[in-house]
Number of protein chains: 2
Amino acid sequence: MMTRIIYLMKNTPAPAETGTVTKPPTMTLIARHAGVSRVAVHAVLSPRPGSNIGVSQEKRDLILKVARELGYVRNESARSLATGRTNTIGVIVQSLKTRFFTDFFTYLDEVCYADGYSVTISTSEFTSAREARHLRTMVSRPVDGLILAQSSPWHNDDLLEQCSVRGIPVVLLGGDDLELKFPSVAFDTAGAGELAADYFYRLGHRRVAFFHAGEAGDDSARMHNVRHSFFAQAWGRRSLSAPLALVTGDPAHGGIQAAAKLAALAPADRPTAVACGTDELAISLIYALRTAGLRVPEDLSVVGCDDIPAAADPGIALTTVKLPTDGLARQAWQLLSRKLHGKPSTKGGKHSKILVPPELVARATAASPPPAAL
Amino acid sequence: MMTRIIYLMKNTPAPAETGTVTKPPTMTLIARHAGVSRVAVHAVLSPRPGSNIGVSQEKRDLILKVARELGYVRNESARSLATGRTNTIGVIVQSLKTRFFTDFFTYLDEVCYADGYSVTISTSEFTSAREARHLRTMVSRPVDGLILAQSSPWHNDDLLEQCSVRGIPVVLLGGDDLELKFPSVAFDTAGAGELAADYFYRLGHRRVAFFHAGEAGDDSARMHNVRHSFFAQAWGRRSLSAPLALVTGDPAHGGIQAAAKLAALAPADRPTAVACGTDELAISLIYALRTAGLRVPEDLSVVGCDDIPAAADPGIALTTVKLPTDGLARQAWQLLSRKLHGKPSTKGGKHSKILVPPELVARATAASPPPAAL
DNA sequence: CTGTTAGCGCTTTCAT
DNA sequence: ATGAAAGCGCTAACAG
C-alpha cells in the first residue's frame, strides 16, 4: 500500500486521487526554504510592472529555483482578496452554437491573455433568468470587467446597476438599445451595405437584388432585415431603381426558391447582381443558380456577407463583405481595458459606440455584368 | 456636474463609470446596519446545507432586507480563500468550433449549476502551450475540479501532477491514452458500431458498406477510422462478407464520389445499406444518391452517427446512431463530483472509464432491403 | 443559540 | 535593500 496521505490543512479535503495530497506551497514556505523574507519572495514572484528592483540577482535565482522545486503556483483567490482585482473578465453571450460568438470568444481570449487577463464565458441561452444567474456569479467572483451580448428585450437592470456601483466596467456587444447606459462595439452594418452597393455600382451593375432570410420573427431574421434595409438605402443613393427583394425563411436552403424566381425572369428584367444577407444564404443561392443553369458570375454576380470559412472554399470562392470578428474582439477589449485603467469612455455625456468597419473580400463570384444585360 | 466619487478604499481604483463608485457592502457592514453580529449575517447569507438553525426569524428577515437594500453580493474571492474551494470547475477543450464541445459545455453548465458549481471553459486550439497556460490559470485560481479533452500526443504532465498533488480531481473526456492516470468518460464507440450493425442485420441487410472520412491524418480522420473499425468488427460477428469500405477526405462533400461509386455497381453487387462515420457525411451521401437516381431507403438504406440537428430536418429524416452529449456531460459531472466529495474513483487500482451508450434514432432513411436485391 | 477569535495567502505600507 | 505588521472579506473554530 503506497498510499500515504498527509493531512496538513485544518479542513483537509478528502484526497481526490490515490496518492499523496499535500497542502500547496505558499510564499511563506518558499521564504522559509530559501532563507529569505516573504516580501523578497513576493517581489520576485509577483513583480510589479514598474519596480523591477529590490532583490539581488542571486537571491532572486534562489527564490525562483525553490519555487520551481516546490511546484509553487500563486493562489489567485488570495491575491484577488488582497488586490481587489481578479484579472478576469467575464463574457455573457446568447449561445455558443453561433459561430460568431465562439470566434469572438477565441479572439478575445487571445488578446486578453496578451495583457495578462483571462476570460470566462457563459451563455444566456436566450433567457433572462440564465443571464441573471451568470451575471450574479460574475459580479460575485468578482470579474474586473464585463462584455455583454444582450438580447434586446430583457435587461437585468438591477445587476447592471450593481456593476456600475462597484465600478465594474461593462461593454456591450452589438447592442442597439442600451447605448445610453454603456459603451458598445458593433459591426458597421450600414457600412457593409454601403460597401456592397458601392462594389456593385462600380462594377457597372444597375439592376440588383437583395436576398435575405428575414421572414422568421427571431433575432436572426431581424439581423437580415437590418442588413437589407442598409443595402437598400445605400443603393438608393446611387440608383433610381430599388433593389429587388428576395425573401426566404430558410437560411440553409432558401436559395433554391430564390434561384427559381431569378431564372424565371426575362434576362432584360433580371437583376445582374445579388447581395445576400449572409454567406450561408449566398452559397445556397449559388448552388441553386448553377443547378438552374445560370452561371456565376457570368450571368449573375453574387456577394455574401460575413466571410465564413466555407466562403473561402475553392469550390465557391465567394466574394463577400467580411465582418471582422477579430477586429471586433480587439475593439471590445481596447474599450474595456481603457475603462479598467480608469479612462472615461464618454464623450460629451454619451457613451462611445465603436463601429468596426467591414472589408470587401473579392473572390470569384462577382464581376461586371455582361454587356448584353445592360 | 453630477459626478461625485467616494473614495473609501485604500487603493481606490479609478472610477470606471461616470457616476458614484462606492466600496461594495460587506457582511460587517450589513451587521452594523442591522445591529447584529457578523456571524448572524454569515449564518443567514451563507447557510450551511445542514444547519439551518441559529438565527431567529425576525433577525433573519432583517438581515435579508438590509442585504437587499445595500445590494450585497458575496465576495467569492474571500470565501474561496477562507474555505479553500471556489465552487468552480474548469474545462479545457480543443476548440469551440466543434459543435460537440459547445454542446458539452452547455449541458455541463446546466448540471453543474444545479449542484451549485459554475463552469469556466478554455480552448487549447490544438496547441500544448495554450493548454498549459490555461491549465496554469485554472490551477492557480484554483478550480475545484478539471475536465480535460486532451489531444493525444502532448500531455502537460507536470501541471497534471500539480493537480494530483493539490487534490484537484481531473476527469478526462474521450481520452484513449491517459486512462491510467485519470478516470475518464467517453462515448461507447464500439457500442455504436454494434448498434448500427445489429440494426442493419435485423432489417435483413446482408451486403453493407461503411462510408467515412478517414483519409486526412488529423484527429477527425482518426475518429472516422475508429468508428469504421468497430462497425466492421461488429458486422464481422454477424456476417461472412466484410463491409465495403468507402473512404473520402472531404467530410462535407465526399458523398458525391461515394454515391457515384455506389451507382456504378451492378444492383446485385451493390450494398443495400451504408453506415456513415458522421451524420454530416450521411447527409452529403443522401443528397448525392438522390441526384444519382438512387432512392433512400427504397434502393439503399443509410444511417448516420451523432444525431446532429440537421439529421432531424424533415427533408432528411436521417436514421442515426445518437451519441448523447447530454449523457456524457452528466456522467462526467457525476464522476467528478464523486471525487470532489472524496469518493475514490479507482476500482482494483484502475481508474474508472465510463462509457456512455449510444441510442438508435429511427427516422426514415433505413428500411428492409428490397426483395429483389437479396 | 449567540458572540469572540483566529486565521486563509497575498499585497502593501511603513520602518529599518 | 530588507524586514515587520496590518488588513482584504469571509469562514470556522471555540467560548459564553
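A note on names: the letters A, B, ... follow the listed sequences, proteins ahead of strands, and every chain is numbered from 1.
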In this structure, how many angstroms lie between the [atom2] atom of [N] and the [atom1] atom of [X], rounded?
| X | N | atom1 | atom2 | result |
| --- | --- | --- | --- | --- |
| Arg166(A) | dG9(D) | CZ | C1' | 12 Å |
| Asn75(B) | dC8(C) | CG | P | 18 Å |
| Arg79(A) | dT11(C) | CZ | P | 5 Å |
| Leu45(A) | dC10(C) | CG | C1' | 11 Å |
| His42(A) | dA6(D) | NE2 | C1' | 15 Å |
| Arg74(B) | dC8(D) | CZ | C1' | 17 Å |
| Arg85(A) | dC8(D) | CZ | P | 17 Å |
| Glu76(A) | dC10(C) | CD | P | 10 Å |

Any donor-acceptor pair, under 3.5 Å, between the side chain of Arg38(A) and the base of dT11(C), if you only look at N and O atoms? yes
At under 4.0 Å between heavy atoms, what does Ser80(A) touch on the DNA or RNA strands: base, sugar-phosphate, or nothing?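 Contact class for Ser80(A): none.
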Base, sugar-phosphate, or nothing: which does Ser77(A) touch, judged by heavy atoms less than 4.0 Å apart?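 Since no nucleic acid heavy atom lies under 4.0 Å of Ser77(A), the category is nothing.
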Under 4.0 Å between a side-chain N or O of [X] and OP1 or OP2 of [N]?
| X | N | answer |
| --- | --- | --- |
| Lys59(A) | dT2(D) | yes |
| Lys23(A) | dG9(C) | yes |
| Tyr72(B) | dG9(D) | no |

Residue [X], side-chain heavy atoms: nucleotide from [options] that is nearest:
| X | options | answer |
| --- | --- | --- |
| Thr26(A) | dG9(D), dA6(D), dG9(C) | dG9(C) |
| Ala78(A) | dT12(C), dG9(C), dT11(D) | dG9(C) |
| Val39(A) | dC8(D), dT11(D), dG3(D) | dG3(D) |

Can a donor-acceptor pair be found between the side chains of Thr123(A) and Glu125(A) at a distance below 3.5 Å? yes
Please determine, by modelled atom types, if Arg166(B) and Gln162(B) share a side-chain donor-acceptor pair under 3.5 angstrom.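 Distance-only check passes for Arg166(B) and Gln162(B).
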Roughly how far, to the nearest 0.5 Å, is the CZ atom of Arg130(A) from the CD1 atom of Ile92(A)?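 Going from CD1 on Ile92(A) over to CZ on Arg130(A), the span is 10.5 Å.
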Of Leu81(B) and Gly35(B), whose nearest nucleotide on DNA chain C comes first from the 5' end? Gly35(B)
DNA chain C: 5'-proximal contact among Pro25(A) and Ser37(B) (nearest heavy atom):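 That would be Ser37(B).
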Spell out, as yes or no, whether a donor-acceptor pair under 3.5 Å connects the side chain of Ser337(A) to the backbone of Leu340(A).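 Such a contact is absent between Ser337(A) side chain and Leu340(A) backbone.
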Please check if the side chain of Ser118(A) supplies one atom and the backbone of Ile89(A) the other of a donor-acceptor pair under 3.5 Å. no
